[in-house]
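Read through the structure below, which is laid out as structure tokens, and then see the notes.
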Amino acid sequence: QVQLVESGGGLVQAGDSLRLSCAASGRTFSDYAMGWFRQAPGKEREFVAAISKNGLMTYYADSVKGRFTISRDNAKNTVYLQMNSLKPEDTAVYYCAADSATAQRMSVRRPVGYGMDYWGKGTLVTVSS
């Protein structure tokens with residue numbers, strides 16, 4: 001079992017930055033590709049970003065490319081999502097997920113998020129205009 005706990009969400013204004021963290025415990029963190037997904041009220045879950053097990057490969061949704069950066073620290077069992085230039089349309093609950101497959105497959109699985117091994121409970125990000 002892997003437990004994932006997200007933190008760092010909050011209420012910010014458009015143009016601000018936030019950094020989300022996802023702390024993992026349980027099995028070997030580096031055995032998993034890690035990703036961030038989000039779900040806005042009334043909308044379907046959306047892939048945001050994924051990072052490979054060794055941190056060398058990253059994948060992003062077009063909607064966040066150039067603004068968000070995913071990173072991981074395997075020594076700290078933590079994955080991060082640095083979010084810059086936030087927009088009101090970024091408002092959502094952000095979920096951390098672990099996948100024993102690859103980050104690339106995490107980014108293209110359909111339905112979105114299908115087959116993830118573990119999920120966190122999410123952290124709310126609200127961006128006001």
Side-chain angles (χ1 to χ4, degrees):
Q1 281 282 0
V2 174
Q3 292 76 43
L4 302 174
V5 179
E6 302 94 336
S7 61
L11 172 63
V12 297
Q13 292 187 331
D16 285 351
S17 297
L18 272 179
R19 188 175 83 155
L20 305 184
S21 299
C22 173
S25 60
R27 293 190 173 182
T28 304
F29 182 65
S30 57
D31 284 347
Y32 297 90
M34 298 298 297
W36 290 93
F37 296 81
R38 67 187 182 187
Q39 188 163 20
K43 295 188 176 181
E44 295 186 350
R45 182 167 51 198
E46 177 186 16
F47 166 76
V48 176
I51 188 166
S52 61
K53 298 173 185 179
N54 60 10
L56 294 182
M57 299 296 294
T58 57
Y59 303 86
Y60 296 94
D62 287 343
S63 59
V64 306
K65 204 170 291 184
R67 300 187 298 123
F68 290 12
T69 302
I70 188 171
S71 61
R72 67 188 295 163
D73 185 335
N74 285 349
K76 294 183 178 180
N77 292 351
T78 302
V79 62
Y80 305 98
L81 186 68
Q82 178 66 44
M83 306 186 295
N84 298 330
S85 303
L86 282 161
K87 304 175 181 179
E89 51 264 44
D90 294 319
T91 295
V93 177
Y94 283 71
Y95 298 92
C96 173
D99 190 348
S100 56
T102 64
Q104 192 273 339
R105 195 162 79 172
M106 177 182 267
S107 71
V108 298
R109 283 181 186 267
R110 294 295 180 269
V112 173
Y114 174 77
M116 297 298 106
D117 292 278
Y118 302 102
W119 289 93
K121 293 185 178 180
T123 185
L124 176 63
V125 173
T126 304
V127 185
S128 64
S129 57

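Counting from 1, the numbers follow the sequence of the chain as shown. Heavy-atom basis, side chains included; hydrogens, waters and symmetry copies ignored.
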Next on the checklist: Please determine whether residues Tyr60 and Trp36 belong to a single hydrophobic cluster, defined as Ile, Leu, Val, Met, Phe, Trp and Tyr linked transitively by side-chain heavy-atom distances below 4.5 Å.
Outcome noted: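 Linked, Tyr60 and Trp36 end up in one cluster.
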Next on the checklist: I'd like to know if Trp119 and Val5 are part of one continuous hydrophobic network [Ile/Leu/Val/Met/Phe/Trp/Tyr, side-chain heavy atoms within less than 4.5 Å].
Outcome noted: no
Next on the checklist: Determine whether a donor-acceptor pair (N or O, by modelled atom type, separation under 3.5 Å) exists between the side chain of Ser107 and the backbone of Arg105.
Outcome noted: no
Item to check | Side-chain (Ser129) to main-chain (Pro88) donor-acceptor, under 3.5 angstrom | outcome: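 Here the side-chain-to-backbone pair does not exist.
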Applying side chain to side chain donor-acceptor pair (under 3.5 Å), can you list everything that pairs with [X], at least two apart in sequence or on another chain?
| X | answer |
| --- | --- |
| Ser128 | none |
| Ser52 | Asn54 |
| Asp73 | none |

Next on the checklist: I'd like to check the ring pair (Phe, Tyr, Trp, His ring centres under 6.0 Å) partners of Tyr59; sequence neighbours left out, ordered by chain and number.
Outcome noted: none
Checklist entry - Does anything in residues 17-118 pair up under disulfide bond (SG atoms under 2.5 Å apart), and if so which pairs, sequence neighbours excluded? => result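 Qualifying pairs: Cys22-Cys96.
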Quick check: closest heavy atoms across [X] and [Y], and the distance to 0.1 Å?
| X | Y | result |
| --- | --- | --- |
| Asn77 | Asn74 | OD1-O, 3.1 Å |
| Ala92 | Ala40 | CB-N, 3.8 Å |
| Tyr32 | Lys53 | C-CG, 3.5 Å |
| Thr91 | Val127 | OG1-N, 2.9 Å |

Heavy-atom side-chain contact between [X] and [Y] under 4.5 Å:
| X | Y | value |
| --- | --- | --- |
| Thr123 | Leu20 | yes |
| Thr69 | Leu81 | no |
| Met34 | Leu4 | yes |
| Asp99 | Arg109 | yes |

Item to check | Inter-residue atom distance Gln104.CD - Thr58.OG1, 0.5 Å rounding | outcome: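 The distance works out to 12.5 Å.
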Next on the checklist: Which residues pass the salt bridge (Lys or Arg N to Asp or Glu O under 4.0 Å) test with Asp90, not counting sequence neighbours?
Outcome noted: Arg38, Arg67
Item to check | Results of salt bridge (Lys or Arg N to Asp or Glu O under 4.0 Å) for Lys65 - residues two or more places apart only | outcome: Asp62
Next on the checklist: Suppose the criterion is ring-ring contact (aromatic ring centres under 6.0 Å, His included): which pairs have a residue in residues 63-116, not counting sequence neighbours?
Outcome noted: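 Sorted result for residues 63-116: empty, none.
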Donor-acceptor pairs are to be reported for all side-chain atoms of residues 10-18 against protein atoms at under 3.5 Å, with residues two or more places apart or in another chain.
residue	atom	partner	partner atom	Å
Asp16	OD2	Gln13	N	3.1
Ser17	OG	Asn84	OD1	2.9

Side-chain donor-acceptor pairs under 3.5 Å in residues 23-31, sequence neighbours left out?
residue	atom	partner	partner atom	Å
Ser25	OG	Gln3	OE1	3.3

Next on the checklist: Determine whether Glu89 and Ser63 satisfy the following criterion, side-chain hydrogen bond (donor to acceptor under 3.5 Å, both in side chains), listing intermediate values before the conclusion.
Outcome noted: CA-CA 10 Å; Glu89 51 264 44; Ser63 59; over 6 Å; no
Item to check | All side-chain contact (heavy atoms from CB on, under 4.5 Å) counterparts of Val112, not counting sequence neighbours | outcome: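 Here the qualifying residues are Phe37, Arg45, Phe47, Arg110.
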Next on the checklist: The criterion is side-chain contact (heavy atoms from CB on, under 4.5 Å); which residues satisfy it with Ser7, sequence neighbours excluded?
Outcome noted: Ser21
